[in-house]
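In what follows, every heavy atom counts, from backbone to side chain, and hydrogens, waters and symmetry copies are set aside.
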Amino acid sequence: MELEKTLMIALVMALAIGGWLINNWIRAKYGYAVEDSWGRKVEPAANAENLRLKAENRELNDKLDAMQDRMIVLEKIVTDRGYSLSAEIEALRDAPAIGKERV
């Protein structure tokens, strides 16, 4: 009876440690922070590929911000002056040309 309890405790501990090892292996494989034995996050060492990807990500985010700013300006132009601009163009077509005589 005592041996069965000891084996059960050892089995539970082995499963817990095995799960922790598998979890950390998967996290390390995909570049996530792994946990130490006290549950604290330990960041992986930065390699050249990670640094390059972070720089590229930063650059793309900056471009996206610039594009969003331009999109806001274009939306303002289209919505604020869109209808009145076409009316002004039509009014210019109907107005007589300066310096030209009509026959």
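Annotation: salt bridge (Lys or Arg N to Asp or Glu O under 4.0 Å) contacts of Arg52 (sequence neighbours excluded): Glu49, Glu56. Residues passing the salt bridge (Lys or Arg N to Asp or Glu O under 4.0 Å) test with Glu59 are Lys63, sequence neighbours excluded. Remark: Glu4 engages no residue in a salt bridge (Lys or Arg N to Asp or Glu O under 4.0 Å) (not counting sequence neighbours).
From Arg27, atom CZ reaches atom CG of Asn24 across 7.5 Å, with rounding to the nearest 0.5 Å. Rounded to the nearest 0.5 Å, atoms CG (Leu7) and CD (Glu2) are 10.5 Å apart. Taking CG from Leu60 and CG from Leu53, the interatomic distance works out to 10.5 Å, rounded to the nearest 0.5 Å. Here OH of Tyr30 is found 7.0 Å from CH2 of Trp25. Values are rounded to the nearest 0.5 Å. The structure places CD of Glu75 at 10.5 Å from CD of Gln68, a figure rounded to the nearest 0.5 Å. A distance of 11.0 Å separates CG of Leu74 from CG of Asp69, quoted to the nearest 0.5 Å.
Cluster annotation: Leu3 is not connected to Leu11 through the hydrophobic network of ILVMFWY side chains, with a link wherever side-chain heavy atoms come within less than 4.5 Å.
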